[in-house]
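Quick notes on the structure that follows.
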Amino acid sequence: MCGIIGIVGVSEVASALYDGLTVLQHRGQDAAGIATVDGNKIRLHKGNGLVRDVFDSPQMELLHGRVGIGHCRYPTAGSEGSDEAQPFYVNSPYGIALAHNGNLINTDSLRKEMFELDKRNINTESDSEVLLNVFAHELQAQKSLTPQDAIRAVAGVHRRCKGGYAIVSAVLGLGLVAFRDPHGIRPLVLGKRETEQGNEYAVASESVALDILGFQRLRDVAPGEAVVITARGELFSEICAPPEKHTPCIFEYVYFARPDSMMDDVSVHKARMRMGVKLGEKILRLRPDHDIDTVIPIPDTSRDAALEIANTLGVKYREGFIKNRYIGRTFIMPGQGERVKSVRRKLNAIPLEFKDRVVLLVDDSIVRGTTSQQIVQMARDAGAKKVYLASAAPAVRFPNVYGIDMPAVSELVAHGRSDAEIQEILGCDWLIYQDIKDLEDAVSGPKHKLDNFDSSCFNGEYVTGIEPGYFERLQQARSDDSKKKKRTA
């Protein structure tokens, strides 16, 4: 999962891109980059680390231009190391910089196709470079450079690429080109800001990046839509892919997105509150005479759900863990050993909220289970009489193939296990998972703005279909052992 942003302004945009990336930092802490269009040149700086570490004042001063894109990355399969930092750049045709959030599932066949048919070489293991070269080839085939030509090039990308993707690209001589996969799996939001000098436009992974920059959220980029914003501030858009079922990634609402974001016209904050109500109602159905004294969230993303669970159960809500704000999200940590070490550095219990109480810990989801194991033990060490654990999401039993680094199935604690077996591994006295229908209803909301979701990590149903042998290759690429070997090499 990554964060992307693109801006066409009436003045220099580098500082705004920087600010937007800092707000999207939760989506990836591995690397960051900015590319701007400066006359007939693309200025590019990127590197490993947080946004604040990659850029300093001298570097920012070199990023001239009124059109630019930015990216913050966390690594998925085949994308660790400084070579995979984005944006990527290709000089033909015209000069294109591109940043990508998501994951292609037909990368291997596209690499072969790129080399044998398009005569283009892919220099890294990143599917983002593949996508850039597909777009570049399709744009070159148009023979000219107009907004309509760019839209036709995007249509070519949609024909050839399978998976979940949201794209921002800067094209010399044109401006900004942004597009979203035909299923709308990965999010992309369009905003506008009116100034005395003219209109400015921005696209970003989440609306919160537009909010802090003073852009008004216009709408979400539609599935299969191409948006072209010229350097003069002219907006063109067209849906250029055959219609598919709109299936946004439901895990965005569970974990990745900030609660103050709007995605596909749904408030993440309200979706998480509804998750809590649904889960609280399930607990009452299963144990109407429950003995829960206190509901305690595992910070930060579970707070909205935990508060509503407490309200539904009629018990106290308490903050029982203090979080170190200077430690990254453990789900995004690159290796299992690093994840294990980071939990104790990240959280510390407040004993008076646990001592002699039956506590219900609430987390947004349980993936590998190692973090949950340690937190349950922390609650016991703090004096809890009993420790129950509730997940606002269903059991994660299958890998995510559209841009979230949910690991090899062998590393998913719920894969091939019953809830009772998982409960024993985690060491809690009772484990409660959200039902998938309740989760989907919670995100859709009472107005049912969304009818379908990519819930593949919960139900194993992949909307794009999967090529034979793909999961075996994914298992090899995503296992912690494989990533350790790559980092050592």
Side-chain angles (χ1 to χ4, degrees), residues 2-28 32-38 42-44 51 55 60 63-73 86-87 96-102 147 150-151 154 165-171 174-180 184 186-222 225-238 252 257-258 260-265 268:
C2 302
I4 59 174
I5 184 170
I7 299 175
V8 175
V10 296
S11 58
E12 301 279 309
V13 297
S15 62
L17 290 167
Y18 177 95
D19 290 340
L21 286 179
T22 60
V23 177
L24 297 173
Q25 186 76 85
H26 61 285
R27 300 184 66 85
I34 291 175
T36 59
V37 175
D38 181 14
I42 286 185
R43 306 285 185 182
L44 173 64
V51 175
F55 299 97
M60 292 296 296
L63 293 171
H64 296 295
R66 297 184 295 106
V67 177
I69 62 174
H71 184 273
C72 57
R73 184 199 74 170
Q86 297 187 41
I96 306 170
L98 179 144
H100 166 216
N101 171 34
I151 289 170
V154 173
Y165 51 89
I167 303 295
V168 291
S169 62
V171 181
L174 180 61
L176 185 75
V177 180
F179 52 97
R180 191 178 179 194
R186 299 268 66 88
L188 195 61
V189 185
L190 173 66
K192 178 181 179 181
R193 184 170 63 185
E194 296 181 356
T195 72
E196 293 181 358
Q197 293 78 31
N199 293 330
E200 298 180 312
Y201 290 94
V203 289
S205 296
E206 296 184 33
S207 63
V208 66
L210 307 181
D211 296 340
I212 67 113
L213 296 174
F215 284 85
Q216 178 188 359
R217 181 178 67 92
L218 294 179
R219 59 181 177 86
D220 296 275
V221 175
E225 183 180 21
V227 174
V228 179
I229 306 163
T230 69
R232 295 187 297 274
E234 303 162 311
L235 175 66
F236 300 83
S237 66
E238 183 180 326
E252 290 276 0
R258 275 181 42 153
D260 46 344
S261 282
M262 295 284 294
M263 303 174 75
D264 284 307
D265 208 29
V268 177

* **Test side chain to side chain contact (heavy atoms under 4.5 Å, CB included) applied to Arg180 and Ile167, Asp220, Val227, the passing residue** =>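 Of the listed residues Ile167, Asp220, Val227, the side chain to side chain contact (heavy atoms under 4.5 Å, CB included) partner of Arg180 is Asp220.
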Does the [X] side chain pair with the main chain of [Y], one donor and one acceptor, at a distance under 3.5 Å?
X: Gln86; Y: Cys72; value: no
X: Ser205; Y: Ile4; value: yes
X: Glu200; Y: Val10; value: yes
X: Thr36; Y: His64; value: yes
X: Gln25; Y: Thr22; value: no
X: Thr230; Y: Glu234; value: yes
X: Ser207; Y: Met262; value: yes

* Worked verdict on Leu176 versus Tyr201 for side chain to side chain contact (heavy atoms under 4.5 Å, CB included) -> CA-CA 10 Å; Leu176 185 75; Tyr201 290 94; over 6 Å; no
* Asked: Yes or no on side chain to side chain contact (heavy atoms under 4.5 Å, CB included) for Phe55 and Leu63, after CA distance, side-chain angles and deciding distance?
  -> CA-CA 11 Å; Phe55 299 97; Leu63 293 171; 4.1 Å; yes
* I would like to know whether Lys192 and Ile229 meet side chain to side chain contact (heavy atoms under 4.5 Å, CB included); could you show each step before the answer? => CA-CA 11 Å; Lys192 178 181 179 181; Ile229 306 163; over 6 Å; no
With a 4.5 Å heavy-atom cut-off, do [X] and [Y] have their side chains touching?
X: Glu206; Y: Arg27; answer: yes
X: Leu213; Y: Leu210; answer: no
X: Ile5; Y: Ile69; answer: no
X: His100; Y: Leu98; answer: yes

* Is it the case that Arg193 places NZ or CZ above or below the six-membered ring of Phe215, under 6.0 angstrom from the centre and within 45 degrees of the axis? ->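 Pair Arg193/Phe215 counts as cation-pi.
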